[in-house]
Amino acid sequence: MLLSLTQYVDLCMPRGGESLIRAVAECSKVPVIKHYKGVCHVYVDAEADLAMAEAIGLNAKLQRPGVCNAMETLLVHAAVAETFLPQFARRLAAKKWNCGATPPAWPF
């Protein structure tokens, strides 16, 4: 019903799995922003607390990797990449998790 109230609702952005998003889009009379295959990022800034950033990144990737808000991309500021990335990769490997990297991160 809410999704038919075009005089009150301008836009819908459903959060959930792909089947929920498709169901909302099918019955909605208001525009729906769909994100079936979202790309969730975690960014580690040069000024970040690296221990906290590691804990956040590991949680975002490993806690429930199948959910729509699991981390898919880790962006790391170049100023901390040499320190942060090797330790983070070791922690992922210890959990039997493979990771890939773009060429700028390969040396680390």
Side-chain angles (χ1 to χ4, degrees):
M1 173 124 132
L2 178 64
L3 298 175
S4 66
L5 300 175
T6 57
Q7 70 272 33
Y8 302 110
V9 179
D10 296 319
L11 177 73
C12 175
M13 213 164 105
R15 296 286 299 151
E18 186 173 342
S19 60
L20 171 69
I21 295 166
R22 287 190 189 282
V24 168
E26 287 173 12
C27 73
S28 181
K29 296 198 181 337
V30 300
V32 177
I33 295 178
K34 298 174 280 253
H35 57 91
Y36 300 122
K37 308 288 185 210
V39 179
C40 297
H41 294 70
V42 172
Y43 173 65
V44 181
D45 188 62
E47 302 296 319
D49 173 331
L50 297 184
M52 181 185 289
E54 182 179 306
I56 290 169
L58 291 170
N59 179 274
K61 186 61 182 174
L62 301 174
Q63 183 189 35
R64 291 184 61 206
V67 297
C68 65
N69 62 340
M71 178 182 70
E72 295 161 328
T73 303
L74 176 67
L75 301 171
V76 180
H77 193 284
V80 295
E82 188 172 354
T83 303
F84 183 79
L85 287 174
Q87 174 63 22
F88 191 80
R90 280 192 294 276
R91 295 282 307 274
L92 282 177
K95 298 286 186 179
K96 307 287 190 239
W97 203 269
N98 294 325
C99 62
T102 57
W106 289 350
F108 311 119

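These numbers were taken from a predicted model, which means no experiment stands behind them. Count residues from 1 along the sequence.
Separating the CG atom in L58 from the CG atom in L74 is a distance of 9.5 Å, to the nearest 0.5 Å.
Formation of a donor-acceptor pair under 3.5 Å by the S4 side chain with backbone atoms of M1 is found in this model.
Note: the hydrophobic cluster containing L50 does not contain L75 (ILVMFWY, side chain heavy atoms under 4.5 Å, direct or indirect links). Follow the hydrophobic side-chain contacts under 4.5 Å out from I33 and you never reach L2; the two are in separate clusters. Put simply, L11 and L5 are part of two different groups of oily side chains (I, L, V, M, F, W, Y) that touch within less than 4.5 Å, one to the next. Using a 4.5 Å cut-off between side-chain heavy atoms of Ile, Leu, Val, Met, Phe, Trp and Tyr, with links allowed through other members, V30 and I21 fall into different hydrophobic clusters. Cluster membership for Y43 and L62, using ILVMFWY side-chain heavy atoms within less than 4.5 angstrom, is not shared.
The minimum heavy-atom distance between K61 and W97, with the atom names listed, is CE-NE1, 3.1 Å. Taking all atoms of both residues into account, the shortest heavy-atom contact from H77 to D45 is CB-C, 3.9 Å. Between M71 and T73 the shortest heavy-atom distance is CG-O, 3.5 Å. Taking both residues in full, the closest heavy atoms of L3 and C27 are given as CD1-SG, 4.0 Å, listed atom of the first, atom of the second, then distance. Between V32 and A25, the shortest heavy-atom contact is CG2-CA, 4.1 Å. The two residues P86 and A81 come nearest to each other via the heavy atoms CD-O, 3.7 Å.
The number of heavy-atom neighbours closer than 6.0 Å to CD of E47, taken from other residues, nucleotides and ligands shown, is 12 or below.
For the salt bridge (charged side-chain N to carboxylate O under 4.0 Å, His left out) test, no residue two or more places apart in sequence or in another chain qualifies with E82.
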